[in-house]
Amino acid sequence: MSTNDGKHTWGKNDPLIRKLLTLEEILWTNPHYSRNNQPMKRSSITKEDIKEADDRLRRFAPYIEKVFPETRVAGGLIESELTSIPKMKDLLEKIYHVSIDGRLLLKRDDQLPISGSIKARGGIYEVLKHAESLAIRHGLLKTEDNYAILNSEKFKTFFSKYSIAVGSTGNLGLSIGIMSAQIGFSVKVHMSHDAKQWKKDLLREKGAEVVEYKTDYSLAVEEGRKEAEKDPTCYFIDDENSKDLFLGYATSALRLKKQLEDSNVAIDANHPLFVYLPCGVGGGPGGVAFGLKTLYQEHVHCFFAEPTHSPCMLLGLSTGLHDKISVQDIGLDNKTDADGLAVGRPSGFVGKLIEPFISGCYTARDTTLYQLLSTLIQTEGIYLEPSALAGMFGPIQLLTNGSSYLKTNDLMNKIEKGTHIVWATGGSMVPEEIMKEYDKKGRALLEKK
Ligand SMILES: *Cc1c(COP(=O)(O)O)cnc(C)c1O
């Protein structure tokens with residue numbers, strides 16, 4: 001079987017497709033990767049767009065601080081810590097027989113306030129942006145106002161005339177559901193079969209309506225989109241195509257830059273930065289990577305991490321077909337315990353945008369994710385959900401299989417002065433008894449290793 005869009009074809013005998021079908025863990029580096037910054041300059045999203053999104057989040061900070069008191073320490077900004085994980089680094093080196101040259105840091109988005117995952121960046125941003133534009137359009141709000149006024153019956157009544165809809169594997173639904181219900185919107189979350197029961201329960205408890213599907217993510221999104229189109233007061237948050245979600249994620253780069261500066265970590269021609277981002281449909285990792293590229297250009301190297309059963313972005317980028325191909329098309333089942341990454345078809349919008357500057361993608365088995373999960377608990381006492389461990393496999397993949405990328409980009413001698421950031425994308429909302437089961441699985445696997 002082959003697909004032809006005029007430019008690209010693929011067949012089941014292509015070496016890369018065959019490799020993906022073996023379900024082995026692989027590293028794919030991007031042949032279109034460009035060290036110069038020109039492709040960024042041509043893209044439809046700019047540095048100014050990111051700045052504007054950050055300004056908007058700052059306008060909302062007084063409101064967020066009021067309604068989510070856990071954000072008070074950061075003045076109403078939804079931000080996470082950047083921490084060093086030296087014990088984890090030592091044990092990883094022993095388990096995987098590899099020397100991880102350079103510093104290893106963990107970006108703790110698992111602890112982001114409000115919804116405990118990277119989705120608290122994009123999802124909440126888009127809900128707030130929509131609320132702001134409605135309120136401004138109806139003459140109820142000016143950008144100079146103190147947005148704490150939004151926390152009132154008057155605004156809640158106003159917003160209750162509008163609704164929000166979204167399709168999700170779980171975490172996006174959580175962030176959008178919680179934020180929408182808080183501000184006063186009625187909200188409907190269309191959830192795929194792999195969404196965890198506790199995520200559905202929590203959302204219902206927060207006042208969101210949850211619609212369950214027996215199908216995977218792409219179809220849940222499709223159904224949500226169709227239903228929302230029928231209702232003019234309903235705003236559909238489109239995880240596959242949303243520029244606003246993307247910008248919400250991208251603002252993290254500005255915050256990270258400040259954190260790196262505050263901890264005296266240099267990023268420049270002699271001090272490269274490597275960032276490992278778990279990828280589902282691509283918006284979260286794409287937004288973060290785009291933001292970082294605008295700040296650090298060729299000094300930052302971004303890799304996306306996917307389950308061996310759901311390597312949708314790797315497939316979309318490597319074939320050049322983006323959202324015109326799914327992992328099911330090549331014969332993979334898109335079944336993984338990493339629910340946040342259980343996506344069979346990537347975002348075409350994101351794939352095309354990141355194509356010139358993404359360094360590569362790699363895959364990880366669910367068993368690897370569980371092992372890393374328990375290893376991180378044992379060494380650092382940090383509890384992440386399975387999806388969030390995909391990033392942790394990045395330094396191992398790059399240092400085991402990435403020597404040609406490192407050589408081509410003149411990084412062999414620089415890497416020991418460089419920094420690796422593993423993006424921990426979720427975990428703090430996982431109920432304790434479920435986390436115990438994850439850990440038990442991981443420990444059993446480690447014993448066999
Ligand atoms: C959603 C999610 C991701 C990936 O984000 P996408 O925008 O879907 O690519 C990674 N990790 C976790 C825990 C997530 O919930």
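Start at 1 and go down the list; that is how both ligands and their atoms are numbered.
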Determine whether the aromatic ring centres of Phe274 and Tyr405 lie less than 6.0 Å apart. no
Distance alone, cut at 3.5 Å: any donor-acceptor contact between the side chains of Tyr276 and His420? yes
I'd like a table of the close N/O pairs between ligand 1 and the protein (anything under 3.5 Å), one pair per line with both atom names and the distance.
unit_1: ligand 1; atom_1: 7 (O); unit_2: Gly283; atom_2: N; d: 3.2
unit_1: ligand 1; atom_1: 7 (O); unit_2: Gly284; atom_2: N; d: 2.7
unit_1: ligand 1; atom_1: 8 (O); unit_2: Val281; atom_2: N; d: 3.0
unit_1: ligand 1; atom_1: 9 (O); unit_2: Gly280; atom_2: N; d: 2.8
unit_1: ligand 1; atom_1: 9 (O); unit_2: Val281; atom_2: N; d: 3.2
unit_1: ligand 1; atom_1: 9 (O); unit_2: Gly282; atom_2: N; d: 2.7
unit_1: ligand 1; atom_1: 11 (N); unit_2: Thr425; atom_2: OG1; d: 2.7
unit_1: ligand 1; atom_1: 15 (O); unit_2: Lys119; atom_2: NZ; d: 2.7
unit_1: ligand 1; atom_1: 15 (O); unit_2: Asn171; atom_2: ND2; d: 2.7

Less than 4.0 Å between a side-chain N and a carboxylate O, is that true for Glu79 and Arg108? no
Answer yes or no: is there an ion pair linking Lys188 with Glu227, defined by an N-O contact shorter than 4.0 Å? yes
Could you tell me whether Arg18 atom CZ has more than 12 heavy atoms of other residues or ligands within 6.0 Å of it? no
Under the rule for ring pair (Phe, Tyr, Trp, His ring centres under 6.0 Å), what residues qualify as partners of Phe236, not counting sequence neighbours? none
